[in-house]
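In what follows, a structure is listed as structure tokens, so that the remarks can point back to it.
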Amino acid sequence: MYKTQPLSGAFLLTSNFMIEMPSGKRIQIRIDRGTLLRIAEEVRGSETAMEALREGKRRHQEAHARGDISSPEPPAEYAIIYKIMNSYDVRYAGALGSEIIGYLQETLLP
């Protein structure tokens, strides 16, 4: 996916182009380094969010070991991480949710 980045490093995620409703404008959702770091710090401070990250990573590793080609069902506890994302921009969870969670797993978990 991407290499592990330290929390102090520069990082930016960008969504695919999509159509914004109701304006019909073509847009991209972007998350800057500072916002990504603030989300990471909030997740790091929540034991529930950290446990959800650990469970999601465990499920992904198990699926990969079995040779599954589709992603496993995410833990229901990801809702807390989506809530944190959406406190910054309500479009993050839908447009960049899996990329942000992947980044958080790579940087916050061993």
Side-chain angles (χ1 to χ4, degrees):
M1 195 181 312
Y2 41 73
K3 292 183 179 176
T4 300
Q5 299 290 322
L7 286 179
S8 60
F11 199 83
L12 176 72
L13 296 173
T14 305
S15 73
N16 292 326
F17 280 101
M18 58 188 85
I19 303 298
E20 181 181 52
M21 300 309 270
S23 70
K25 292 180 183 175
R26 189 177 132 145
I27 63 167
Q28 271 188 315
I29 309 302
R30 296 181 178 155
I31 185 168
D32 61 54
R33 178 183 153 278
T35 304
L36 189 60
L37 295 176
R38 286 190 298 277
I39 289 171
E41 289 305 318
E42 281 195 50
V43 169
R44 185 189 314 232
S46 167
E47 185 53 41
T48 304
M50 289 299 294
E51 185 55 39
L53 282 180
R54 285 189 281 277
E55 177 63 16
K57 186 173 184 177
R58 183 191 65 75
R59 289 181 186 188
H60 180 77
Q61 288 171 335
E62 285 179 358
H64 183 71
R66 289 190 307 266
D68 292 351
I69 58 171
S70 60
S71 296
E73 185 72 26
E77 295 81 10
Y78 271 9
I80 188 134
I81 299 170
Y82 293 135
K83 184 177 179 182
I84 292 169
M85 286 181 212
N86 285 342
S87 71
Y88 291 90
D89 188 322
V90 297
R91 303 171 298 180
Y92 282 165
L96 295 170
S98 63
E99 289 87 353
I100 293 171
I101 286 174
Y103 174 79
L104 293 171
Q105 288 174 334
E106 292 294 321
T107 58
L108 298 178
L109 300 178

Non-hydrogen atoms of Glu55 and Pro75 that approach each other most closely:
CG-CG, 3.7 Å
Regarding Glu51 and Arg58, does a basic nitrogen lie under 4.0 Å from an acidic carboxylate oxygen?
no
Using 0.5 Å steps for rounding, measure from the CG atom of Asp32 to the CG atom of Leu37.
8.5 Å
Just how far is it from atom CE of Met85 to atom OG1 of Thr35, taken to the nearest 0.5 Å?
13.0 Å
Work out which heavy atom in Ile29 is nearest to a heavy atom in Ala95; give both atom names and the distance.
CG1-CB, 3.7 Å
Are the side chains of Leu109 and Met50 in contact, using a 4.5 Å heavy-atom criterion?
yes
Using 30° and 60° as the class boundaries, would you call the ring planes of Tyr78 and Tyr82 parallel, tilted or perpendicular?
perpendicular
Interatomic distance, CG@Leu96 vs CG@Asn16, rounded to 0.5 Å, equals 9.0 Å
Within this structure, what is the CG-CD distance for the pair Leu13 and Glu99, rounded to the nearest 0.5 Å?
6.5 Å
Please give me the minimum heavy-atom distance between Ala52 and Ile81, naming the atom from each residue.
CB-CD1, 4.2 Å
Output yes when Glu41 and Arg38 qualify as a salt bridge under the 4.0 Å nitrogen-oxygen rule, no when they do not.
no
Does Ile39 reach the side chain of Ile31, with side-chain heavy atoms less than 4.5 Å apart?
yes
Taking all heavy atoms of Lys57 and all of Gln105, pick out the closest pair and write down the distance.
N-NE2, 3.1 Å
Would you say the side chain of Glu20 lies within less than 4.5 Å of the side chain of Arg91, judging by non-hydrogen atoms?
yes
